[in-house]
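When a ligand or atom number is given, it counts from 1 through the structure's own listing order.
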Amino acid sequence: AMSATRYTRDEVAKHNTAESNWIIIDDKVYDVTKFARFHPGGKAFVDASAGSDATKNFYAFHRQDVLKSMASKYLIGTLVDAPSAKKASVTLKPGELSKVPYAESGAFQGLPSSFYDESHHRFRADLRKFFDERVVPDAAANDAAGKPPPHELWKEMGKRGMLAMRIQNGPWLEDLVQNCGVVLPGGITPKQFDCFHELIAHEEFCRLGVPGYCDGLGAGFVIGIPPVLQFGNPELARKVGREVLLGEKRIALAISGPEAGSDVAGLTCVAKKTPCGKFYVVNGVKKWITNGHFADYFVTAVRTGGPGVGGVSLLLVERSEGLETKPIKTSYSPSAGTAYVTYDDVKVPAENLLGEENGGVKCIMH
Ligand SMILES: Cc1cc2nc3c(=O)[nH]c(=O)nc-3n(C[C@H](O)[C@H](O)[C@H](O)COP(=O)(O)OP(=O)(O)OC[C@H]3O[C@@H](n4cnc5c(N)ncnc54)[C@H](O)[C@@H]3O)c2cc1C
Ligand code: HEM
């Protein structure tokens, strides 16, 4: 309501002392009298700007987000006068690309390219708009609060094919479009989708600039689903592939443990076949599992044979009795859902084996 009040430049100019200090930034009026004492850059600079249009000086020393985060409390109104001819900042419309040199990759600022065609431009514009409107407003707050991205957002992205755009092309993409009602970003066809569309999809995620939340929105998925699609039996690959690519269920890749990080071949999490041969029973722990805290599926590296590389298998383990996850503190936001996973006699159908028994490392290295 305060910002609806209109002032003339002359009115602002009257508040030109430390006792009553108004300044203008981007045609908005701030009463910074009380703020001056708390200004991180020192009281003197703020006092010296009293009664003036400080737009140019402000942008010489601050990022634009300082205005939103810190100055909004002191906003008292806007200027009556016509907007100043040259604004120091530009607000982009949702989906609009930046014209600031090097702020976008060259092909998207008019440079010639042999890799990007018109479909890539449509594709990026569509993703950018969705991110600007739906993801950006959610990202910073959830990252700061340490909350994972909402499941609803996953599902929405799944339905728009945005999850599938972050892994390579394959028969699953045709299936999503033909049988699951998915329309790919920018209206591209599964045949058109190439590694440059995939690159763009990753870039648009990274632009969020909040690494914990960004990983929370699929770092586990990006490494977790490919082994299922590549090495799962056709029925499993189709069922789980659909669930995960549509965002209905979430998946994580669980290879590392407290005892085996770089030394994957040394892992000790065990899976024993039941005498009837229909199940594996998994016992052990996994550590640092991104998205694990909210995942429904865990592609788990287990020891099914002797020591070393030749005794490791990959199993798709569903969250079920005996499987528990708890969050691990990391140097980025808990939004990522990084987890410690314990397997205590977890029963897994033998059909959930990915690739061949004791051929797990081959799948991991694929
Ligand atoms: C934030 C985060 C998320 C992760 N997400 C996942 C995930 O989703 N799924 C998953 O399975 N894992 C995940 N990891 C685990 C990650 O894969 C391991 O951290 C990584 O494999 C390294 O293992 P380590 O941490 O046990 O370190 P170590 O293997 O113990 O290495 C410690 C140090 O020793 C060095 N070193 C190790 N071996 C050698 C050698 N032979 N010669 C010379 N130097 C060596 C390393 O370079 C390193 O500096 C995640 C880790 C982090 C930090
Ligand atoms: C409402 C108005 C203002 C707010 C909210 C504000 C906020 C801040 C903040 C948060 C910083 C720390 C650095 C950063 O995070 O970017 C800072 C530094 C600074 N500010 Fe301001 N400021 C305001 C107005 C001004 C004005 C009018 C001037 C006048 C020139 C000014 C000059 C400076 C300077 C010189 C620094 C130090 C920069 C450095 O360390 O390199 N500020 N300000």
- Item | Which segment of V32 sits under 4.0 Å of ligand 2 when only heavy atoms are counted | side chain
- Task: Provide the number and element of each atom of ligand 2 under 4.0 Å from a heavy atom of A71.
- Result: 1 (C), 5 (C)
- Task: Answer yes if a protein heavy atom lies under 4.0 Å from atom 13 (C) of ligand 2, otherwise answer no.
- Result: no
- From atom 5 (N) of ligand 1, is the closest protein heavy-atom distance below 4.0 Å? yes
- H15 side chain to V12 main-chain N or O, any donor-acceptor pair under 3.5 Å? no
- Message: If only side-chain N and O atoms count, and only distance matters, is there a donor-acceptor pair under 3.5 Å linking D194 with H120?
- Response: yes
- Distance-only donor-acceptor check, side chains T8 and D10, under 3.5 Å: no
- Nearest neighbour in protein (non-hydrogen) for atom 30 (C) of ligand 2: N57 CB, 3.6 Å
- Query: When you look at CD of E133, are more than 12 heavy atoms from neighbouring residues, nucleotides or ligands closer to it than 6.0 Å?
  - Reply: yes
- Message: Going by a strict under-4.0 Å cutoff (protein heavy atoms only), does atom 26 (O) of ligand 1 have a neighbour on the protein?
- Response: yes
- atom 1 (C) of ligand 1 sits nearest the protein heavy atom Y332 OH, 4.4 Å
- Validate the cation-pi geometry between R160 and F130: distance from NZ or CZ to the six-membered ring centre under 6.0 Å, angle to the ring axis within 45°. no
- Task: Report the nearest protein non-hydrogen atom to atom 12 (N) of ligand 1: residue, atom name, distance rounded to 0.1 Å.
- Result: S256 OG, 2.8 Å
- Query: Can you tell me if D26 and Y59 form a side-chain donor-acceptor pair at under 3.5 Å?
  - Reply: yes
- May I ask whether atom 44 (N) of ligand 1 is less than 4.0 Å from at least one protein heavy atom? no
- Item | Identity and distance of the protein heavy atom lying nearest atom 13 (C) of ligand 1 | W288 O, 3.1 Å
- Under 4.0 angstrom from atom 40 (C) of ligand 1, is there any protein heavy atom? no
- Message: Does I167 form a side chain to side chain contact (heavy atoms under 4.5 Å, CB included) with L229? I'd like the steps, not just the answer.
- Response: CA-CA 10 Å; I167 58 169; L229 296 170; 3.6 Å; yes
- Query: For the side chain of S49 and the backbone of F45, is there at least one donor-acceptor N/O pair under 3.5 Å apart?
  - Reply: yes
- Does a side chain donor of either N283 or D345 reach within less than 3.5 Å of an acceptor in the other side chain? yes
- Would you mind counting protein N, O or S atoms that sit less than 2.8 Å from atom 21 (Fe) of ligand 2? 2
- Query: Taking the six-membered ring of Y340 as reference, does the NZ or CZ atom of K287 fall below 6.0 Å from its centre and within a 45° cone about the axis?
  - Reply: no
- Note on the structure: If you scan protein heavy atoms around atom 9 (N) of ligand 1, the nearest is L253 O, 2.8 Å
- Sequence neighbours excluded - salt bridge (Lys or Arg N to Asp or Glu O under 4.0 Å) pairs with any residue from residues 253-282: K273-E357
- Task: Look up atom 33 (C) of ligand 1 and tell me if a protein heavy atom lies less than 4.0 Å from it?
- Result: no
- Would atom 41 (O) of ligand 2 count as contacted, meaning some protein heavy atom under 4.0 Å? no
- What protein heavy atom sits nearest atom 23 (O) of ligand 1, and how far off is it? G261 CA, 3.1 Å
- Message: When you measure from the centre of the six-membered ring of W172, is the NZ or CZ of R242 closer than 6.0 Å and no more than 45° off the axis?
- Response: no
- Item | Test of proximity, R63 against ligand 2: N or O pairs below 3.5 Å | yes
- Using protein heavy atoms only, decide if any is under 4.0 Å from atom 30 (O) of ligand 1. no
- Protein heavy-atom partner closest to atom 29 (C) of ligand 2 - residue, atom, separation in Å: S49 OG, 3.6 Å
- Which residue owns the protein heavy atom closest to atom 37 (C) of ligand 1, what's the atom, and how far is it? S262 OG, 3.6 Å
- May I have the step-by-step check of ring-ring contact (aromatic ring centres under 6.0 Å, His included) for F205 and F131, ending in yes or no? CA-CA 8 Å; F205 271 80; F131 270 80; 5.0 Å; yes
- Test item, F35 contacting ligand 2 (heavy atom, 4.0 angstrom): yes
- Task: Tell me, please: is I289 in heavy-atom contact with ligand 1, that is, under 4.0 Å?
- Result: yes
- Kindly confirm or rule out an N or O of I223 lying under 3.5 angstrom from an N or O of ligand 1. no
- Task: Among all protein heavy atoms, pick out the one at the shortest distance from atom 8 (O) of ligand 1; state its residue, atom name and that distance to 0.1 Å.
- Result: T290 N, 3.0 Å
- Give a yes or no on whether the backbone of L79 and the side-chain of R6 come within a donor-acceptor separation of less than 3.5 Å. yes
- Query: Under 4.0 Å from atom 47 (O) of ligand 1, do we find at least one protein heavy atom?
  - Reply: no
- Is the closest side-chain donor-acceptor distance between Y343 and T300 under 3.5 Å? yes
- Are T330 and ligand 1 in contact, using a heavy-atom cut-off of under 4.0 Å? no
- Task: Answer yes or no: is there a donor N or O on one side and an acceptor on the other, between the side chain of Q109 and the main chain of G106, under 3.5 Å?
- Result: no
- D47 side chain to A50 main-chain N or O, any donor-acceptor pair under 3.5 Å? no
- atom 18 (C) of ligand 2: protein heavy atom closer than 4.0 Å? yes
- Geometric cation-pi criterion, R124 with F108: 6.0 Å, 45°: yes
